[in-house]
Every structure is written in C-alpha cells, then in structure tokens.
Amino acid sequence: GMGQGQGQMDPNAQLAAAEQEMEMVTDMFARLGELCNKKCILQRYSDEDLTKAESVCIDRCVAKYFQVNREVSDKLAKLSQANQ
Amino acid sequence: GMGQGQGQMDPNAQLAAAEQEMEMVTDMFARLGELCNKKCILQRYSDEDLTKAESVCIDRCVAKYFQVNREVSDKLAKLSQANQ
Amino acid sequence: GMGQGQGQMDPNAQLAAAEQEMEMVTDMFARLGELCNKKCILQRYSDEDLTKAESVCIDRCVAKYFQVNREVSDKLAKLSQANQ
Amino acid sequence: MYNNYGPSYQEQRLQQMMEQKQLKDFMRMYSNLVSRCFDDCVSDFTSNKLGDKELTCVTRCTLKNMKMNERVGQRFAEENAKLMEEQAKLGN
Amino acid sequence: MYNNYGPSYQEQRLQQMMEQKQLKDFMRMYSNLVSRCFDDCVSDFTSNKLGDKELTCVTRCTLKNMKMNERVGQRFAEENAKLMEEQAKLGN
Amino acid sequence: MYNNYGPSYQEQRLQQMMEQKQLKDFMRMYSNLVSRCFDDCVSDFTSNKLGDKELTCVTRCTLKNMKMNERVGQRFAEENAKLMEEQAKLGN
C-alpha cells in the first residue's frame with residue numbers, strides 16, 4: 001500500500017522506475033548483442049559451435065562495449081557540468 | 001476475474017494475451033516484409049508496378065520465411081526437451 | 001467525458017491522442033536523424049565539430065525529408081480518394 | 001462507454017484494441033514509406049529542394065512498396081492460416 | 001490475486017513484472033533467430049521450398065546464435081555487476 | 001498528487017507525460033551514442049581494453065553526434081512548425 005512509512009517512494013512509481021531500469025538494461029543487451037554478432041561471427045555458417053576465436057572476440061567485444069558506455073557517460077556528465 | 005464462469009481465464013489476462021499474440025504476428029510481418037523487400041526488390045525504381053519476377057520472388061520469400069520459422073521453432077523445442 | 005463541458009472529448013482519450021501524436025513526431029525525428037547521419041557524416045571521425053559541408057548537408061537533408069513526407073502523404077491521400 | 005454485461009463487454013474491448021492496432025499499423029506503414037523512399041531516392045544535397053528525378057523516384061517508390069506490402073500481406077495471411085491449422089492439429 | 005498487505009504486495013507485483021519480461025525476452029530472442037537465420041541462409045527464390053543447403057545453414061545458424069547469446073549473456077552479467085559496483089562506490 | 005479540479009488536472013497529467021517523454025528521449029539519445037560510437041570506433045579485438053586511437057575516436061564521435069543531433073533538432077522544429085501551419089490552413 002501507500003502508507004509504508006515516512007520518506008518512502010510511491011510504490012507505483014517504484015515499480016515504474018524498476019521497469020524503466022530493466023528496459024534500459026534489455027536495450028543495451030540487445031544493441032551490444034547485435035554489434036558483437038556483426039563484428040565477431042564472420043563465417044555464416046561453417047559450424048554449429050562457437051570457435052575459440054569467436055568466443056574470445058565475444059568476451060572482448062562485451063568488455064569494450066561497456067568501456068565505450070563509460071566513456072560516453074563521462075563525456076555527457078562533463079558537458080552538463082560545463083553548462084551549469 | 002469478472003465471475004464469468006468456472007474454469008475461465010481472467011478477462012484482463014485474456015485481453016493481454018490476445019494483445020501479446022497480435023504483437024508477435026505484427027512483429028513477424030514487419031521483419032518478413034523488410035527482408036523480402038531487401039531480397040526481392042532489386043531495382044529502385046524503374047517502375048511503379050511489381051514486375052512478374054518480383055511478384056514470384058515475394059510469394060516464395062514469404063513461404064520460405066514461414067519454413068525457417070518452423071525449423072527454428074522445432075529446433076528450440078528439441079533443445080528444451082533435451083534439457084529436461 | 002469527465003464533466004468538463006459540452007462537446008468535449010473524453011480527457012483520457014485526449015491524453016492518449018496527444019501521446020500518440022508525440023510518438024509519431026519522435027519516430028519521424030529518429031528515422032530522419034539516422035538517415036541524415038548516414039548520408040551527411042561521411043568521415044568517422046577526423047574532428048569533433050561539424051564541418052561547414054556537414055552542416056549544410058544536414059539542413060538540406062532535413063528539408064528534403066519533410067518534402068518526401070509531403071509527397072508520400074499526398075500520394076496516399078489521392079489513392080484513398082480514388083478508392084472511394 | 002462500455003456495455004458492462006458479460007461477453008459483449010469483452011468483445012467491445014477487443015474491438016477497440018483492434019481498431020487502435022489498425023490505426024497504429026497504418027501510421028507505421030506510412031512512416032516506413034517515407035523513410036524508405038527518402039533513403040532510396042535522395043542522396044544529392046547540393047540543393048534543398050527535391051528535383052524531378054527524385055520526385056519521380058519517390059512516386060514510383062511509394063506505389064511499388066504499397067503494392068509489395070499488399071502482396072506480402074496476402075501471402076502472409078495464407079501462410080499464417082496454414083500455420084494455425086497445423087498448430088490446432090497438434091493440439092496447441 | 002494479490003495479497004494486499006505491505007511489502008509482499010510489492011514483491012508479488014515485481015515478480016509478475018519480471019515473469020512477463022522473461023516471456024517477452026524469450027519471444028524476442030526467438031523472433032531474432034528466425035529473421036537472422038532467414039537473412040543469413042536464404043537468398044535463392046527459384047524454389048518456394050527450403051533446400052538441403054539452406055536447412056543445414058538454418059540449423060547451424062540457430063545453434064550458433066543461441067550459444068553466442070548465452071556467452072554474451074554471461075559476459076554481460078559480469079560486466080553489469082562490475083558497473084553497478086562502481087556506481088555504488090560513487091554513491092549513485 | 002493531482003489537483004483534481006477541471007482543466008489544471010489535465011495540464012498536470014500532460015506535464016507529467018512530457019517529463020517522462022523527455023527522460024525517455026534523453027536515455028534513447030544516450031543509448032544511440034554508445035552503440036553508434038562503438039560501431040564506428042571499435043573493430044579490433046586483439047585486446048579487451050580500448051586503445052588510444054579508439055578512445056580519441058569515441059570522444060570525437062560523442063561530440064560530433066551530439067552537435068549533429070542538436071542541429072537536426074533545430075531544423076526539425078522549424079520544418080515541423082511550417083508543416084503544422086500548412087495543415088492548419090487546410091483545416092486539418
């Protein structure tokens with residue numbers, strides 16, 4: 001209910017925020033998956049298993065995507081500070 | 001539920017399930033349409049009508065998309081049985 | 001409606017219509033942005049600023065997109081009149 | 001707005017949902033035509049106005065893609081009907 | 001349907017939302033496999049039936065892409081956990 | 001939370017909807033920057049850490065694409081205003 005104590009967020013808004021955050025994570029996963037597929041799966045398809053090379057590529061691709069995510073995030077933060 | 005009889009699904013859930021199914025069909029139609037457009041409309045654009053070749057291509061493209069749909073569906077079903 | 005006067009649309013429907021219209025505008029902006037990015041930003045990336053050429057390209061790209069929007073809209077209108 | 005008695009209430013809600021979906025589908029088809037015909041027909045930005053070649057291209061693109069959509073729709077409906085028949089036989 | 005007392009009500013709603021999301025994610029993964037494997041494996045429209053080469057391709061495509069998704073998912077979860085740890089340290 | 005009297009109730013709901021939309025738009029712009037700059041700048045997977053060339057590329061990409069978005073937004077707003085003026089004259 002909505003009388004769960006002082007200082008707590010409206011439960012409907014809590015649920016909406018949790019839903020929004022999950023959508024963001026899903027969206028990031030979808031984009032990352034599409035791009036790493038494009039950049040790492042080069043042979044379509046000589047085999048049904050991932051090759052060693054493809055597996056290593058995928059690991060590094062995911063790691064690099066998260067680094068780009070941080071770089072962009074930091075840049076946007078710096079820009080908004082500069083504008084205040 | 002709305003008390004519509006024994007063994008019946010909650011009408012809100014019924015409507016949500018119908019909506020979800022329609023979204024799936026719409027999504028499949030959109031993807032299939034995009035891919036068959038890419039693979040069949042090769043000349044952009046010498047004419048405003050579909051050529052005979054394009055029409056035949058479209059028919060076969062739709063048929064093959066549904067076959068791939070079945071193949072993937074069967075494969076997923078086999079894999080989930082193997083996991084049980 | 002909710003008792004706001006004669007002849008007025010149901011406020012929930014009003015809000016839904018406003019939301020739908022905003023979604024259409026957002027969708028158009030996203031598509032146009034993607035295509036003008038593809039057609040105008042050719043160097044990736046020798047500089048962090050837009051060049052003069054890129055700026056002019058973007059302006060003309062947006063203008064032409066809206067013209068295509070009108071052409072398609074007029075064509076669809078003519079076709080639906082022909083069908084009545 | 002709704003007749004609040006039993007099955008026809010559900011029917012009205014389903015009807016309304018399908019009408020909203022049809023409108024959404026039409027708007028999406030329209031947006032797709034605009035972006036596709038812009039992508040296929042416009043690459044020259046030495047001018048800010050569509051030239052004759054581009055206008056002709058956009059006209060042909062619009063008509064051709066609408067006819068393609070229509071044909072895909074017909075074949076899709078047939079295949080989808082087949083699919084649902086198969087699933088019914090399997091007891092899905 | 002819901003136990004309407006305090007925190008477990010929220011938990012139930014959250015649980016239901018996550019179940020719906022899991023179903024949606026599965027359906028999306030399935031649709032992605034179909035469109036990707038069609039795009040990668042089917043380009044010959046001299047026939048309206050999938051040939052042996054195409055069927056083999058679709059099988060390999062389905063399995064390979066599922067394994068890829070699985071690996072991406074594992075790496076993603078690890079990286080995401082790292083990211084949330086960093087944000088917690090920064091007081092986000 | 002809402003003042004439940006007449007027109008200002010609608011205004012508050014509209015306001016809230018636009019705030020949610022602005023937040024959504026910002027998050028989408030952010031996701032687009034990340035995927036675009038990854039796609040444009042990162043192709044070398046002999047390492048699992050971004051190199052200097054890649055970092056420079058990502059910085060330029062982020063700034064350039066933000067400026068592009070800004071310019072597109074200005075031109076879009078002008079063109080959209082023109083379009084709505086035309087539609088108003090036609091009595092739409």
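Values reported hereafter were calculated over all heavy atoms of this structure, with side chains retained and with hydrogens, waters and symmetry mates removed. Throughout, protein chains are lettered first and strands after them, A, B, ... in sequence-line order, and every chain is numbered starting at 1.
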Can you tell me if CE on B/M22 sees more than 12 non-hydrogen neighbours from other groups inside 6.0 Å? yes
Just verifying a value: how many Å separate B/F66 CZ and D/K82 NZ, rounded to the nearest 0.5 Å? 9.0 Å
Residue part contacting chain B, namely of D/N32, when any heavy atom lies under 4.5 Å: neither
Rounding to 0.5 Å, atoms CZ (B/R70) and CD (D/Q87) come to a distance of 9.0 Å
Answer whether the closest heavy-atom distance between the side chains of D/N80 and B/F29 falls below 4.5 Å. no
Taking the side chain as every heavy atom from C-beta outward, state whether D/R36 and B/E34 have any pair of such atoms under 4.5 Å apart. yes
Check each atom of D/E78 against the heavy atoms of chain B and say whether the ones under 4.5 Å are side chain, backbone, both or neither. neither
Tell me, side chain or backbone of B/A63 under 4.5 Å from chain D's heavy atoms, or both, or neither? both
Does a sphere of radius 6.0 Å around CD in D/Q22 hold more than 12 heavy atoms from other residues, nucleotides or ligands, not counting ones at 6.0 Å or beyond? no
Engaged part of D/M68 at the chain B interface, taking heavy atoms whose separation is under 4.5 Å: both
Looking at side-chain heavy atoms only, is the closest gap between B/N69 and D/E79 below 4.5 Å? no
Between B/T26 and D/K24, do the side chains contain an N or O donor and an N or O acceptor separated by less than 3.5 Å? no
What option among B/V62, B/N37, B/L15 has the most heavy-atom pairs under 4.5 Å with chain D? B/N37
Quick one: closest heavy-atom pair of B/G33 and D/V72, and the distance? CA-CG1, 4.5 Å
Is the backbone N or O of B/D49 less than 3.5 Å from a side-chain atom of D/K64, with the two atoms forming a donor-acceptor pair by type? yes
Search all heavy atoms of D/M17 against all heavy atoms of B/A18 and return the closest pair with its distance. CE-C, 4.0 Å
How long is the straight-line distance from CZ of D/R75 back to CG of B/L32, given to the nearest 0.5 Å? 12.0 Å
If I measure from the heavy atoms of chain B, does D/K21 come under 4.5 Å with its side chain, its backbone, both, or neither? side chain
Look at the side chain of D/R60 and the backbone N and O of B/Y45, then say whether any donor-acceptor pair between them is shorter than 3.5 Å. yes
Ion pair present between B/E54 and D/R71, side-chain N to carboxylate O less than 4.0 angstrom? no
